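Here's the structure, in structure tokens; my notes come after.
Worth knowing before you read on, the calculation uses all heavy atoms, side chains too, and leaves out hydrogens, waters and symmetry mates. A quick note: this is a predicted structure, and the numbers were derived from the prediction, not measured.
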Amino acid sequence: MPELPPPITVVGIGADGWPGLAAGSRAALQSAEVVIGGPRQLELLPRDTVPAERLAWPSPLRPAVPGLLAEHAGRRIAVLASGDPMFFGIGRTLAETVGAERLRVLPHPSSVSYACARLGWPLEATEVVSLVGRPPATLALALHPGRRLLVLSADAGTPAVVAALLTEHGFGTARLRVLEQLGDDARERELDGRADDWPHPPGDPLNLIAVELGDGPRGSLVPGLPDEAYENDGQLTKRHVRAATLATLAPSPGELLWDVGGGSGSIAVEWLRAHRDCRAVSVERDPARADRIARNAAALGVPRLRVVTGRAPEALAELPTPDAVFIGGGLTAPGLLDGCWAALRPGGRLVANTVTLESEALLTEWYRRHGGELVKLAVAHAVPVGGFTGWRQAMPVTQWSAVKPNTHQEDAS
């Protein structure tokens, strides 16, 4: 059998540097031939004690990882990480690149552990949001009255950005505490203030933000946000139909949705809000609507929504295989239903909504061929009728949904 290469040792290090490392971590760094890390982390190692060759990660980091590791294959490699390497750290990238079995991970307390210890907050009850390499709008999804958040900062300017975002979303009274250089007793510092009156200039780039939200607008964790939550031109799956549609699509962590004929993007947005690991692509032919979808996604805390401007089915050709497909418009476009059904993975779900008789006839035919469920959703709202109250019926929505069978099951039928 060929000799296995030495494992890559991933060493977590804190703001206190070498003095704060455990004996095992020190020994791993002293025996390494190559140490890779960020410039700040590398500077924390004493050169007389750690004589290894030092390499700083290039930017962008992730594409460079395979080549850099391959260049030094066969040597004893140590990688430095801030705090716990497997908590929003380089450890995940390395595991995905070389495999977890190639790694020896030596964690250090994370900045989140230090922050909870300083604040007296229970770690398991504190939500963590990372803005490192992520749009600030990501934070909007976590905003609920009375909640406590820990925000991982991208740089010294992040606290002011967070304060402005909180104020914009109606949480101006939130208390912010910026904790700098956590773990370094000599340089730790705390800055305190309200979001709508944040008084502090940018400080140390190594910081974490503790947020106590207090009063603010109440959001919802389940599908069916108010229609007013969306900027729209009338092309919007309305609240009650949207809630029923999301229940049928049944989002699950890590799954990918195609939202075809995105309109205002409400289905894709609420799919993503179901879990932080959900993924979605919204396809919209109208550029103005595509821009509106992106704005709605950012405002509702899911800026990770990918928006594709183009006409389906042509715009679907290069997209990754979906776990679920929603068709909210353009059903009669030649080849659209066929293309979506063909692209869907076995076991995936397809849901299509329509209000026209022509598209309803098409869905009825697909129901005859593939089974599934064909339902009509009707919603009426109470409205004034003179001095009395009556019902105003919205246009009924015909919905067809089906689970794509495995190929052998389809052949057998």
>> Let's go through Asp204 and Arg189 carefully: what are the C-alpha distance in whole Å and the side-chain angles of both, what is the deciding distance for salt bridge (Lys or Arg N to Asp or Glu O under 4.0 Å) to 0.1 Å, and is it a yes or a no?
In response: CA-CA 9 Å; Asp204 195 294; Arg189 185 173 71 140; over 6 Å; no
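- Between the CG atom of Leu236 and the CD atom of Glu231 there is a distance of 11.5 Å, given to the nearest 0.5 Å.
- The backbone N or O of Trp341 sits less than 3.5 Å from a side-chain atom of Lys404, completing a donor-acceptor pair.
- Counting only distance, with no hydrogens or angles, the side chain of Arg273 and the backbone of Ser220 share a donor-acceptor pair below 3.5 Å.
- Side-chain polar atoms of Arg368 and Thr364 form no donor-acceptor pair below 3.5 angstrom.
- Residues Val325 and Leu249 share a closest heavy-atom pair of O-CD2, 3.8 Å.
- Between the side chain of Arg104 and the backbone N or O of Pro7, no donor-acceptor pair lies under 3.5 Å.
- A donor-acceptor pair under 3.5 Å is formed between the side chain of Gln41 and the backbone N or O of Gly38.
- Partner of Glu212 under the salt bridge (Lys or Arg N to Asp or Glu O under 4.0 Å) criterion, chosen from Arg194, Arg177, Arg147: Arg177.
- The closest side-chain donor-acceptor pair between His72 and Arg75 falls under 3.5 angstrom.
- Side-chain N/O atoms of Asn207 and Glu180 include no donor and acceptor closer than 3.5 Å.
- Using modelled atom types, one finds a donor on one side chain and an acceptor on the other under 3.5 Å when comparing Gln399 with Asn353.
- Without hydrogens or angle criteria, Arg306 side chain to Val283 main chain gives no donor-acceptor distance under 3.5 Å.
- For the pair Arg349 (side chain) and Ala250 (backbone), a donor-acceptor distance under 3.5 Å is present.
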>> Applying side chain to side chain donor-acceptor pair (under 3.5 Å) to Glu360 and Thr398, what does each step give before you reach the verdict?
In response: CA-CA 6 Å; Glu360 182 180 288; Thr398 300; 2.6 Å; yes
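- For the pair Ile327 and Cys340, the minimum side-chain heavy-atom distance is below 4.5 Å.
- Taking all atoms of both residues into account, the shortest heavy-atom contact from Met86 to Gly91 is SD-CA, 3.5 Å.
- A donor-acceptor pair under 3.5 Å is absent between the side-chain atoms of Thr93 and the main chain of Gly89, judged by distance alone.
- A ring-ring contact (aromatic ring centres under 6.0 Å, His included) check over residues 185-224, counting only residues at least two apart or in different chains, returns the pairs Trp198-His200.
- Between Ala137 and Ala298, the shortest heavy-atom distance links the atoms CB-O, 3.5 Å.
- Ser25 places no side-chain N or O within 3.5 Å of a backbone atom of Leu21 that could act as its donor or acceptor partner.
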